[in-house]
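Everything below concerns the one structure shown next.
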Amino acid sequence: MGNAWNNLAVRQTGGYVSGGTAFALRGGTSGSGITTVYEIEDARIEYASYTNLFVNGTLTLWSQANQKMELNLLSGHVEATTLSRNAVAAGTVYGTINMRDGLLHAASMTTGKAAVNMLAGRDRSSSTRSIRRSTLRST
(Lines give C-alpha, C1' and ligand atoms only; values in the text may rest on other atoms or scores of the structure.)
Protein backbone atom coordinates (compact mmCIF):
# COMPACT_ATOMS: atom_id res chain seq x y z
CA MET A 1 0.00 0.00 0.00
CA GLY A 2 1.34 3.45 -0.82
CA ASN A 3 1.85 5.79 2.09
CA ALA A 4 -0.38 8.63 0.82
CA TRP A 5 -3.82 8.41 -0.75
CA ASN A 6 -5.69 11.17 -2.55
CA ASN A 7 -8.50 11.25 -5.15
CA LEU A 8 -9.57 7.84 -3.88
CA ALA A 9 -12.47 6.16 -2.09
CA VAL A 10 -11.91 2.78 -0.41
CA ARG A 11 -14.42 0.62 1.47
CA GLN A 12 -12.94 -2.19 3.58
CA THR A 13 -15.46 -4.83 4.69
CA GLY A 14 -13.08 -7.13 6.53
CA GLY A 15 -9.50 -8.25 6.53
CA TYR A 16 -6.29 -6.53 7.52
CA VAL A 17 -4.39 -3.63 5.95
CA SER A 18 -0.94 -2.58 7.11
CA GLY A 19 -0.16 1.06 6.53
CA GLY A 20 3.56 0.63 7.11
CA THR A 21 5.33 3.32 9.14
CA ALA A 22 3.34 6.21 7.70
CA PHE A 23 -0.04 6.51 6.04
CA ALA A 24 -1.67 9.78 4.97
CA LEU A 25 -5.19 10.46 3.80
CA ARG A 26 -5.01 13.57 1.68
CA GLY A 27 -7.88 15.34 0.01
CA GLY A 28 -8.31 15.49 -3.73
CA THR A 29 -5.96 17.34 -6.02
CA SER A 30 -6.17 21.11 -6.09
CA GLY A 31 -9.55 22.37 -7.25
CA SER A 32 -10.93 18.87 -7.84
CA GLY A 33 -13.70 18.97 -5.23
CA ILE A 34 -12.98 15.28 -4.57
CA THR A 35 -13.17 13.96 -1.00
CA THR A 36 -10.74 11.13 -0.25
CA VAL A 37 -12.58 8.50 1.81
CA TYR A 38 -11.36 5.43 3.69
CA GLU A 39 -14.34 3.55 5.13
CA ILE A 40 -14.16 0.47 7.35
CA GLU A 41 -17.26 -1.61 8.04
CA ASP A 42 -16.47 -5.11 9.31
CA ALA A 43 -19.23 -7.60 10.19
CA ARG A 44 -17.29 -8.81 13.24
CA ILE A 45 -18.11 -7.12 16.55
CA GLU A 46 -15.30 -8.33 18.85
CA TYR A 47 -13.31 -5.18 18.04
CA ALA A 48 -10.44 -5.84 20.47
CA SER A 49 -9.75 -9.27 18.93
CA TYR A 50 -8.70 -8.03 15.47
CA THR A 51 -7.37 -4.97 13.63
CA ASN A 52 -8.55 -3.71 10.25
CA LEU A 53 -5.97 -0.94 9.70
CA PHE A 54 -2.59 -0.94 11.44
CA VAL A 55 -0.06 1.88 11.06
CA ASN A 56 3.18 1.34 12.95
CA GLY A 57 3.88 5.06 12.79
CA THR A 58 1.82 8.10 11.87
CA LEU A 59 -1.72 8.04 10.49
CA THR A 60 -2.21 11.52 9.05
CA LEU A 61 -5.23 13.45 7.85
CA TRP A 62 -3.57 16.17 5.80
CA SER A 63 -5.24 18.61 3.46
CA GLN A 64 -2.60 18.77 0.79
CA ALA A 65 -4.61 20.97 -1.60
CA ASN A 66 -7.49 22.28 0.56
CA GLN A 67 -9.69 19.32 -0.36
CA LYS A 68 -11.54 17.09 2.11
CA MET A 69 -10.76 13.64 3.47
CA GLU A 70 -12.69 11.27 5.74
CA LEU A 71 -11.85 8.25 7.84
CA ASN A 72 -15.17 6.48 8.44
CA LEU A 73 -14.90 3.81 11.11
CA LEU A 74 -18.40 2.37 10.90
CA SER A 75 -17.49 -0.98 12.46
CA GLY A 76 -13.94 -2.11 13.06
CA HIS A 77 -10.58 -1.43 14.65
CA VAL A 78 -7.81 1.03 13.73
CA GLU A 79 -4.41 1.11 15.48
CA ALA A 80 -1.74 3.77 14.93
CA THR A 81 1.28 4.90 16.89
CA THR A 82 0.43 8.55 16.23
CA LEU A 83 -2.69 10.23 14.88
CA SER A 84 -1.81 13.48 13.13
CA ARG A 85 -4.69 15.80 12.33
CA ASN A 86 -3.34 18.55 10.10
CA ALA A 87 -6.43 19.02 8.00
CA VAL A 88 -7.14 22.70 8.54
CA ALA A 89 -6.43 25.60 6.23
CA ALA A 90 -7.63 29.18 6.59
CA GLY A 91 -9.95 28.15 9.44
CA THR A 92 -11.74 25.47 7.40
CA VAL A 93 -11.66 21.88 8.68
CA TYR A 94 -11.00 19.48 5.81
CA GLY A 95 -10.40 16.25 7.73
CA THR A 96 -13.17 14.28 9.41
CA ILE A 97 -13.13 11.10 11.48
CA ASN A 98 -16.58 9.52 11.73
CA MET A 99 -16.87 6.73 14.30
CA ARG A 100 -19.89 4.51 14.81
CA ASP A 101 -18.98 1.07 16.20
CA GLY A 102 -15.39 0.16 16.93
CA LEU A 103 -12.03 1.22 18.28
CA LEU A 104 -9.49 3.79 17.15
CA HIS A 105 -6.33 3.56 19.26
CA ALA A 106 -3.41 5.96 18.96
CA ALA A 107 -0.52 6.16 21.42
CA SER A 108 -0.42 9.93 20.81
CA MET A 109 -2.18 12.65 18.88
CA THR A 110 -0.33 15.59 17.43
CA THR A 111 -1.56 19.12 17.58
CA GLY A 112 -3.71 20.20 14.73
CA LYS A 113 -7.37 19.88 14.05
CA ALA A 114 -9.85 17.58 12.44
CA ALA A 115 -13.51 17.00 13.18
CA VAL A 116 -14.31 13.86 15.15
CA ASN A 117 -17.94 12.75 14.98
CA MET A 118 -19.15 10.08 17.38
CA LEU A 119 -22.09 8.51 15.57
CA ALA A 120 -24.88 6.57 17.24
CA GLY A 121 -24.03 2.89 17.01
CA ARG A 122 -26.42 0.03 16.46
CA ASP A 123 -26.85 -2.56 19.17
CA ARG A 124 -26.57 -5.66 17.00
CA SER A 125 -28.83 -7.67 19.30
CA SER A 126 -31.81 -5.37 18.74
CA SER A 127 -32.95 -2.45 16.66
CA THR A 128 -32.22 0.10 19.39
CA ARG A 129 -29.49 2.68 18.89
CA SER A 130 -26.71 3.42 21.34
CA ILE A 131 -23.33 5.15 21.45
CA ARG A 132 -21.66 2.71 23.81
CA ARG A 133 -19.59 0.87 21.21
CA SER A 134 -17.30 3.64 19.90
CA THR A 135 -13.98 4.40 21.55
CA LEU A 136 -11.36 6.98 20.57
CA ARG A 137 -8.34 6.60 22.82
CA SER A 138 -4.92 8.15 23.03
CA THR A 139 -2.59 6.70 25.67
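Along the sequence shown, residues are numbered consecutively beginning with 1. Source: prediction; values computed, not measured.
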- request: Report yes if some heavy atom in the side chain of N72 is under 4.5 Å from a heavy atom in the side chain of I97; otherwise report no.
  value: no
message: Within the 4.5 Å heavy-atom criterion, are I40 and T13 side-chain neighbours or not?
response: no
message: Once side chain to side chain contact (heavy atoms under 4.5 Å, CB included) is applied, do any residues pair with T82, and if so which ones, sequence neighbours excluded?
response: T58, S108, T110
- request: Under the side chain to side chain contact (heavy atoms under 4.5 Å, CB included) rule, collect the residues that match up with T29, sequence neighbours excluded.
  value: N6, N7, S32
Counterpart residues, side-chain hydrogen bond (donor to acceptor under 3.5 Å, both in side chains), relative to N117 (two or more places apart): N98
message: Taking side chain to side chain contact (heavy atoms under 4.5 Å, CB included) as the definition, give me every residue that meets it alongside A115, ordered by chain and number, with sequence neighbours left out.
response: V93, T96
query: Is any side-chain heavy atom of S75 closer than 4.5 Å to a side-chain heavy atom of Y47?
result: yes
task: Over all heavy atoms of both residues, which pair between L73 and G102 is shortest? Give the atoms and the distance, please.
output: CD2-C, 4.4 Å
Could you go through residues 49-56 and list every donor-acceptor pair under 3.5 Å that involves a side-chain atom there, pairing it with any protein atom two or more places apart or in another chain?
residue : atom : partner : partner atom : Å
S49     : OG   : E46     : O            : 2.6
Y50     : OH   : R44     : O            : 3.1
N52     : OD1  : H77     : N            : 2.9
N52     : ND2  : G15     : O            : 3.2
N52     : ND2  : D42     : OD2          : 2.8

message: Tell me the closest heavy-atom pair linking R26 and M69, and the distance in Å.
response: C-CE, 3.9 Å
Side chain to side chain contact (heavy atoms under 4.5 Å, CB included) partners of T21, counting only residues at least two apart: none
message: In the structure I gave you, are the side-chain heavy atoms of Y38 and T36 within less than 4.5 Å of one another anywhere?
response: no
field: Within-4.5 Å side-chain heavy-atom neighbours: D101 and L119
entry: no
- request: Write out all pairs satisfying salt bridge (Lys or Arg N to Asp or Glu O under 4.0 Å) with one or both partners inside residues 7-18, taking only residues at least two apart or from two chains.
  value: R11-E39, R11-E41
query: Can you find a pair of side-chain heavy atoms, one from W5 and one from V10, that are under 4.5 Å apart?
result: yes
- prompt: side-chain hydrogen bond (donor to acceptor under 3.5 Å, both in side chains) with Q67: which residues, sequence neighbours excluded?
  reply: none
message: Counting C-beta onward and ignoring hydrogens, is there a side-chain heavy-atom pair between L25 and L71 closer than 4.5 Å?
response: yes
